[in-house]
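Below you'll find the structure, written out as C-alpha cells, and then a few comments.
A quick note: this is a predicted structure, and the numbers were derived from the prediction, not measured. Excluded from the calculations below are hydrogen atoms, water molecules and symmetry mates; all remaining heavy atoms, backbone and side chain alike, are included.
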Amino acid sequence: MNLKLRRYKEQLQDWPQQGYHIMAQYDNEKVIVYQSYRKEIGEFAVKNQFFGGSFSFERMTWIKPNFLWMMYRSGWGRKEDQESVLAIHLKKETFINYLENAVLSSYSKKLGISRDEWQDQIKQSSVRLQWDPDHDPFGNKLERRAIQIGLRNEFIKSFAKNDILFIENISDFVAEQYQFVLNDDLDNLIVPEEKPLLFDDEALNTKLNLR
C-alpha cells in the first residue's frame with residue numbers, strides 16, 4: 001500500500017478530542033480520501049485508475065478523508081455493496097476547490113444568510129459539505145466532528161477522471177485490522193496516519209469552522 005500507517009493508540013494521543021477537524025493523510029500534492037463500493041466498481045477503478053463502468057454519474061458521491069469515519073460508515077467493509085474499500089489519492093488543489101465551492105448540507109443561523117438564501121445555494125451548488133460525529137474503531141460517537149464532501153454534476157465528472165492521482169484497494173488491510181477490533185485489541189490496531197488539515201486561506205478555515 002501507498003499509505004503511511006501508524007498504531008491507533010499512538011495517534012490517539014495526538015488527535016484533538018473535540019471540535020471541527022479535517023482529519024486526513026496529506027502532503028503538498030495530495031489528500032487521501034476513502035470510499036466503499038461493490039466489488040465490480042472497485043475493481044474497475046483500481047484497474048483503470050478512474051471511475052467508470054457501473055459507477056453512477058447521476059447521483060451524488062461522497063468522499064471522506066477520515067479513515068475511521070469510513071470504517072464506521074462501511075462497517076469495516078462488511079456492509080452490502082461496500083465490500084471494496086478504496087484509498088483515493090486526490091490532488092490537493094482539487095480537494096480545496098471542492099471545499100471552496102461547498103454548501104453546508106444543513107441550515108444554521110451562523111451562516112449569516114436566510115434559510116431561503118441557503119436553499120437557493122443548495123439548489124445551485126454541486127458540492128455538499130456535511131459535518132458528522134466522528135467515531136472510534138468500535139463505532140462509538142466522539143465529540144470531534146468529521147467531514148464528508150458530496151459531489152455531483154460537473155464536479156463528479158472531474159473527480160472521476162481528472163482529479164485523482166492514484167486509486168488503491170485497501171480491503172484486505174481493512175479486514176486484517178478489523179480482527180483486532182473484534183478481539184478488543186486496540187494495542188495492535190494500525191490505521192493510516194492522520195492529522196488535522198488547515199489551509200493557508202483563513203477565509204476557508206473560517207467557512208469550515210476549523211480551529
Side-chain angles (χ1 to χ4, degrees), residues 1-15 22-27 29-56 59 61-92 94-95 132-142 144 146-151 156 159-161 163-195 197:
M1 291 195 308
N2 288 285
L3 294 174
K4 294 180 181 178
L5 304 174
R6 189 179 171 196
R7 291 191 184 276
Y8 165 73
K9 280 200 168 180
E10 291 178 1
Q11 297 196 76
L12 193 58
Q13 301 174 30
D14 301 329
W15 288 346
I22 301 177
M23 301 299 296
Q25 184 167 135
Y26 62 92
D27 57 28
E29 284 75 42
K30 66 180 180 295
V31 177
I32 309 293
V33 298
Y34 302 95
Q35 291 188 307
S36 293
Y37 291 102
R38 63 180 186 270
K39 288 186 177 180
E40 64 182 280
I41 294 178
E43 289 173 354
F44 181 99
V46 173
K47 179 181 179 180
N48 296 281
Q49 290 296 299
F50 65 84
F51 285 99
S54 299
F55 177 82
S56 175
R59 62 183 182 183
T61 191
W62 292 86
I63 59 174
K64 304 160 183 69
N66 181 309
F67 176 79
L68 285 177
W69 202 98
M70 185 72 252
M71 295 306 97
Y72 161 74
R73 182 66 180 84
S74 68
W76 287 84
R78 294 174 302 115
K79 289 185 179 179
E80 185 177 2
D81 292 337
Q82 296 192 49
E83 302 88 353
S84 185
V85 183
L86 305 180
I88 301 162
H89 299 234
L90 192 65
K91 295 175 183 176
K92 188 174 183 181
T94 61
F95 184 78
D132 300 283
D134 206 344
H135 291 76
D136 70 11
F138 299 112
N140 300 313
K141 286 184 180 180
L142 303 176
R144 184 178 64 238
I147 199 170
Q148 61 173 328
I149 303 160
L151 307 172
I156 197 173
F159 165 75
K161 290 286 181 72
D163 300 347
I164 294 170
L165 296 169
F166 182 62
I167 303 172
E168 58 182 324
N169 188 327
I170 61 169
S171 304
D172 290 344
F173 167 76
V174 167
E176 291 168 1
Q177 297 308 310
Y178 183 55
Q179 293 305 307
F180 295 117
V181 177
L182 286 177
N183 294 326
D184 198 13
D185 183 11
L186 297 190
D187 288 335
N188 286 307
L189 177 64
I190 295 174
V191 297
E193 189 174 47
E194 295 179 351
K195 58 185 178 180
L197 173 58

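- Side-chain contact between Leu86 and Ser36: absent, with no pair of heavy atoms (C-beta onward) separated by less than 4.5 Å.
- Relative to the six-membered ring of Tyr34, Lys64 misses at least one condition, a distance below 6.0 Å or an angle of at most 45° to the axis.
- More than 12 non-hydrogen atoms from other residues, nucleotides or ligands lie less than 6.0 angstrom from CG of Asp81.
- Phe44 and Phe51 have their aromatic ring centers separated by at least 6.0 angstrom.
- Between Lys195 and Asp14 there is no salt bridge, since no side-chain nitrogen of the basic residue lies less than 4.0 Å from a carboxylate oxygen of the acidic one.
- Contact detail for Leu68 and His135: the closest heavy-atom pair is CB-O, 3.8 Å.
- Atom CG of Leu189 sits about 13.0 Å away from atom CZ of Arg6, to the nearest 0.5 Å.
- The residues Asp134 and Arg144 are annotated as salt-bridged, a charged nitrogen and a carboxylate oxygen being separated by less than 4.0 angstrom.
- Tested against Trp76 for a side chain to side chain contact (heavy atoms under 4.5 Å, CB included), the candidates Val85, Val181, Leu182 yield a single pass: Val181.
- Nearest heavy-atom pair, Lys9 versus Asp187, reported as atom, atom and distance to 0.1 Å: NZ-OD1, 2.9 Å.
- Between the side chains of Tyr8 and Glu10, no donor N or O sits under 3.5 Å from an acceptor N or O.
- In this structure, Glu43 does not pair ionically with Lys39, as no charged nitrogen and carboxylate oxygen lie closer than 4.0 Å.
- When only modelled atom types and interatomic distance are considered, Ser74 and Tyr37 share no side-chain donor-acceptor pair under 3.5 Å.
- With sequence neighbours excluded, no residue satisfies side-chain hydrogen bond (donor to acceptor under 3.5 Å, both in side chains) with Asp184.
- No hydrogens or angles considered: nothing links the side chains of Glu83 and Ser171 as a donor-acceptor pair under 3.5 Å.
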Applying side-chain hydrogen bond (donor to acceptor under 3.5 Å, both in side chains) to His89 and Glu29, what does each step give before you reach the verdict?
CA-CA 9 Å; His89 299 234; Glu29 284 75 42; over 6 Å; no
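- For the side chain to side chain contact (heavy atoms under 4.5 Å, CB included) criterion with Asn66, the lone passing option out of Gln148, Met23, Gln25 is Met23.
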